Amino acid sequence: MILSRRLNLRLNPSRIIILAFLATVLFGAFLLTLPVSRSGASEDVVFQFFNNGLPSSATPNHVHTFGPSFPGGAPLSVALLTAASATSVTGLIVVDTASYWSPFGQAVILTLIELGGIGTMTIVSLVALNLRGASSETRELASTSLGGAPVGSVKRTVRNIIWFSLALQLVFALILSLHLGLSGITKNPREAIFHGLFLTGSAFNNAGFALNGDSLMSFRNDPIVLLSLALLIIVGGIGFPVWSVLAHRGPHWWKLNMNARIMLVGTLAAILAGWVLIAALEWDNPGTLGPENPGSKLLNAFFASVSPRTAGFNSMDIAAQSPETWLVTDILMLIGGGPAGTAGGLKITTVTVVIATLWGGGARGRSDQYSRLETSPFGPATGSRRVLAFRGFGWGGIVPIDARYSLHFESKPL
């Protein structure tokens, strides 16, 4: 009895989420270390950007690995990073997903992406409803963010999120599979179906994994692929609560809550701003949009504006982009998507609260309107500042490391 009470105290919802995430990563890493998960390619099969834009001395001869491995299987370090990247829908890789992993390994990666993406949407949307210590106001706000769903309808809400996510992905997987198969891009129907499923799951969950070594650069003149994936990225990034509000209340602006309004306006503003800036900066760049026709230029600039928040696909050579475009991309990555979506970043609502707090100053009436935004359990303004402080702390440690490795690669004195 005492042990049970201690477990109940220690295994609060936050710790359960962390343990579940770690268990998923470790189990996924174990599956990826199995010989059946590997195609037989060596660790020299690294992502192609290592060979673009860097001096020859900076090109690594191989990927340094560590940890035990099964005969013929992937090293633990490669498997662990890939599993963590897929589960957290980050998209960082050290080996080429298409050639290094077997179809079984790619299926494991896709499963981890789905668990990470849909799990994030479900957890963030429902954790406030399941907290035993949550106040009635917190429960009411969480219910409001889910489109007015009753506090007790947790199972139904989970079911709706899963059905919404899977149904949408299946529709677009069918579209992409038919397109890839009929256009002759893939070798056979089975490959077309798998590529369609993989790209759809990776895009909707904002993971950025692709089954091409050049990400999506080979599809830069394919509007069906790029627009389909862009739409999936946007829908997944906005999150289920906003779509739930739209489904319950219809497309009537005056009936939407503050969270839905800010997410829709903020998403549109970020996409349009990024689209215009990237198109203007790269329009005549011979390494990116310069050789393309105007329609292709607009298409790829649009996709380059959508993808950084935070899918990570690219249809143009990032190494050939201008530094100003990199800055625009960094800002889009920093902003991210919705607080209950599959995208990362600071979140549009958090950025909006910070801007509104700074802009509004002492205007109590306006700042009170943002107090109902579900951005942090610490309160909107305090939570947003803590998020910014945490990010600043991370940058303080990462920037010096990045500078050190940049100096090593470029062989230039400080």
Side-chain angles (χ1 to χ4, degrees), residues 118 120-131 134-165 168 206 231 233-272 309 335-360 363-387:
I118 297 178
T120 299
M121 295 174 65
T122 305
I123 290 169
V124 174
S125 298
L126 301 174
V127 67
L129 297 177
N130 289 320
L131 288 174
S135 65
S136 58
E137 183 179 359
T138 300
R139 291 172 177 267
E140 182 181 352
L141 288 175
S143 176
T144 302
S145 70
L146 291 171
V151 176
S153 62
V154 173
K155 291 184 179 180
R156 185 174 62 192
T157 307
V158 171
R159 191 182 305 116
N160 289 341
I161 291 176
I162 294 176
W163 277 112
F164 170 79
S165 304
L168 182 68
N206 281 240
L231 183 59
I233 293 169
I234 294 170
V235 173
I238 288 177
F240 177 80
V242 175
W243 301 115
S244 178
V245 169
L246 289 172
H248 282 83
R249 304 180 184 179
H252 303 291
W253 185 256
W254 58 89
K255 292 184 179 180
L256 302 181
N257 59 22
M258 181 67 73
N259 185 61
R261 292 182 183 183
I262 289 183
M263 275 306 308
L264 294 174
V265 173
T267 298
L268 180 62
I271 291 174
L272 291 178
R309 297 174 324 99
I335 295 173
T342 57
L346 288 176
K347 309 303 181 183
I348 288 178
T349 47
T350 300
V351 173
T352 303
V353 168
V354 172
I355 294 175
T357 303
L358 296 175
W359 184 267
R364 287 287 180 190
R366 289 296 298 172
S367 61
D368 288 344
Q369 294 185 27
Y370 296 97
S371 64
R372 297 183 67 83
L373 287 174
E374 302 79 22
T375 57
S376 169
F378 302 106
T382 303
S384 300
R385 286 195 294 267
R386 292 190 182 190
V387 170

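Quick caveat, the model's predicted, so the values are computed rather than measured.
- Rounding to the nearest 0.5 Å places CG of Asn259 at 6.0 Å from OG1 of Thr349.
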(request) Could you go through the side chain to side chain contact (heavy atoms under 4.5 Å, CB included) check for Trp243 and Asn160 one step at a time? (result) CA-CA 11 Å; Trp243 301 115; Asn160 289 341; over 6 Å; no
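- Every side chain to side chain contact (heavy atoms under 4.5 Å, CB included) that Leu268 has, sequence neighbours left out, goes to Leu272.
- Tested against Val235 for a side-chain contact (heavy atoms from CB on, under 4.5 Å), the candidates Ile233, Leu231, Ile238 yield a single pass: Leu231.
- By the 4.5 Å heavy-atom criterion applied to side chains, Leu264 and Leu256 are counted as neighbours.
- Note that OG1 of Thr352 is 8.5 Å distant from CE of Met263, once rounded to the nearest 0.5 Å.
- Taking the ring-ring contact (aromatic ring centres under 6.0 Å, His included) definition, one finds that Trp163 meets it with nothing, sequence neighbours left out.
- Looking at every heavy atom in both residues, Val245 comes nearest to Ala260 through CG1-CB, 4.2 Å.
- Without hydrogens or angle criteria, Ser244 side chain to Phe240 main chain gives no donor-acceptor distance under 3.5 Å.
- A donor-acceptor pair under 3.5 Å is absent between the side-chain atoms of Arg309 and the main chain of Ile335, judged by distance alone.
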